[in-house]
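Order of listing sets the numbers, starting from 1, for every ligand and every atom in it.
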Amino acid sequence: MLENRRILLIVAGGIAAVKVPDLIRRLRERGALVRCILTKGGAQFVTPLTLAALSGDKVYQDLFSLTDEAEMGHIRLSREADIVLVAPATADIMAKMVAGQADDLATTALLATDKPVMIAPSMNVMMWTHPATQANLQTLKVREVKVVGPSAGDLACGEVGNGRMAEVPTIIAALSRFFQKSAGQGPLTGFRALVTSGPTHEPIDPVRYIANRSSGKQGHAVAAALAELGANVTLISGPTHEPDPDGVKVTHVETARQMMKACAEAMPAEIVVCAAAVADWSVKGNVQKLKKGVKSPALNLSENPDILATLAKAGPLRPGLVVGFAAETENLIENAQLKRAKKNCDWVVANDVSPGSDTFGGDSKTVHLVTAESVESWPTLRKRAVAERLAERIAAYAERHF
Ligand code: CTP
């Protein structure tokens with residue numbers, strides 16, 4: 001993923017600059033082309049000669065250097081890269097990035113670049129947790145600056161806490177993920193995934209229907225997260241207000257039977273995630289609008305197909321991994337385990353939908369991943385984070401089993 005990628009590495013003045021020679025070595029081993037800008041502060045910790053020898057390129061230091069500007073103007077320097085990486089990123093350089101200050105070559109290049117920027121912060125724990133730094137961090141994130149680390153541990157200043165620059169392999173993994181993503185590739189590239197989402201609406205007559213409280217937020221987030229990891233995703237969605245996720249093929253349906261048909265048509269797939277709250281019953285045909293009368297009408301219900309159980313049926317076309325959701329109001333884990341076995345699916349994401357749990361329509365939830373071997377309880381997470389975690393798990397499973 002890093003082969004022939006051009007990385008403009010800005011080395012600012014923090015003790016973690018001593019890790020930069022190793023970072024450059026590892027990047028070059030992977031075929032990346034590294035060009036360095038060294039700040040005045042950075043040069044206190046690592047010499048330009050070391051960086052030049054390891055990167056195999058000239059190290060740029062001075063904004064007003066006649067020779068540098070004649071050879072390569074600072075604007076060109078900032079743009080002749082696929083990504084700009086600031087490692088270590090000090091509190092000072094982060095603040096300057098936020099303010100748009102350009103008082104040396106590094107900050108000028110950061111202001112002039114039209115390329116993605118990633119920072120690997122490194123500083124004392126109090127500096128990191130200071131509201132000023134945290135506010136700067138939020139601003140940079142809003143501007144789509146990618147952030148890797150910092151991690152917690154012993155700091156060079158003798159204190160312990162968050163502020164250590166991410167380790168070299170972590171920075172390399174973040175760069176690889178970035179390039180994978182921008183190439184539309186990921187650990188699930190080459191896999192087909194089918195996701196169901198939202199409620200279904202079952203008509204009672206031409207103007208009325210049976211519905212449920214599902215918002216489709218979770219299913220749509222799962223589809224988006226799988227697509228972000230490179231899967232070729234088809235989303236079969238019941239009626240929701242959620243926008244179609246980017247990079248996902250979406251089929252809109254209304255009823256459970258339509259959802260079943262659309263799923264059957266979208267097969268085969270290696271991965272299936274059924275997050276839809278499919279209505280269990282449909283109402284047998286009233287072609288005309290029901291009228292009020294002396295007697296209240298009775299609804300003639302018939303059971304809908306179970307989409308998850310149908311797709312998870314053993315057979316040559318069974319997807320390699322079938323994941324269901326279980327919305328329960330009591331005996332959560334026990335019911336989820338029973339549901340997993342009954343529907344022949346591999347995993348069940350179980351969550352509590354009892355009154356007060358705020359799962360339906362809400363943005364966060366507490367889920368348990370129930371497999372044949374274990375029950376894993378996750379902390380309360382936003383639905384988007386649940387989806388990302390689930391997609392990561394699916395990718396890890398696919399790597400081991402497919
Ligand atoms: N499901 C499905 N088709 C159905 C009913 C449910 O695909 N007709 C899927 C859901 O998408 C979910 C799982 O089955 O992944 C469990 O849904 P849930 O509503 O909790 O279970 P039910 O089978 O409806 O059981 P019950 O309502 O009795 O708890």
*asked:* I need the single residue from R318, R393, R340 that forms a salt bridge (charged side-chain N to carboxylate O under 4.0 Å, His left out) with D346. Which is it?
replied: R318
*On the ring face of Y60, is K58 found with NZ or CZ under 6.0 Å from the centre and within 45° of the axis?*
yes
*asked:* Would you say H74 and T108 are linked by a side-chain donor-acceptor pair, where the criterion is simply a distance under 3.5 Å?
replied: no
*Would you please test K261 and E254 for salt bridge (charged side-chain N to carboxylate O under 4.0 Å, His left out) and show each step?*
CA-CA 11 Å; K261 185 166 175 280; E254 237 177 78; over 6 Å; no
*Taking the inter-plane angle between the rings of Y397 and F402 on a 0 to 90° scale, is it parallel (under 30°), tilted (30 to 60°) or perpendicular (over 60°)?*
perpendicular
*Please check if atom CE in M126 has more than 12 non-hydrogen atoms from other residues, nucleotides or ligands closer than 6.0 Å.*
no
Mind listing the N or O contacts between ligand 1 and protein, cut-off under 3.5 Å?
from: ligand 1; atom 1: 3 (N); to: I307; atom 2: N; distance (Å): 3.0
from: ligand 1; atom 1: 7 (O); to: I307; atom 2: N; distance (Å): 3.4
from: ligand 1; atom 1: 7 (O); to: L308; atom 2: N; distance (Å): 2.8
from: ligand 1; atom 1: 8 (N); to: P305; atom 2: O; distance (Å): 2.9
from: ligand 1; atom 1: 11 (O); to: C274; atom 2: O; distance (Å): 3.4
from: ligand 1; atom 1: 11 (O); to: A276; atom 2: O; distance (Å): 2.6
from: ligand 1; atom 1: 14 (O); to: K343; atom 2: NZ; distance (Å): 2.9
from: ligand 1; atom 1: 15 (O); to: C274; atom 2: O; distance (Å): 2.7
from: ligand 1; atom 1: 15 (O); to: F325; atom 2: N; distance (Å): 2.8
from: ligand 1; atom 1: 15 (O); to: F325; atom 2: O; distance (Å): 3.2
from: ligand 1; atom 1: 20 (O); to: A327; atom 2: N; distance (Å): 3.3
from: ligand 1; atom 1: 20 (O); to: K339; atom 2: NZ; distance (Å): 2.7
from: ligand 1; atom 1: 21 (O); to: K339; atom 2: NZ; distance (Å): 3.0
from: ligand 1; atom 1: 23 (O); to: K343; atom 2: NZ; distance (Å): 2.5
from: ligand 1; atom 1: 24 (O); to: D280; atom 2: OD1; distance (Å): 2.9
from: ligand 1; atom 1: 24 (O); to: D280; atom 2: OD2; distance (Å): 3.4
from: ligand 1; atom 1: 27 (O); to: D280; atom 2: OD2; distance (Å): 3.4
from: ligand 1; atom 1: 29 (O); to: K339; atom 2: NZ; distance (Å): 2.8

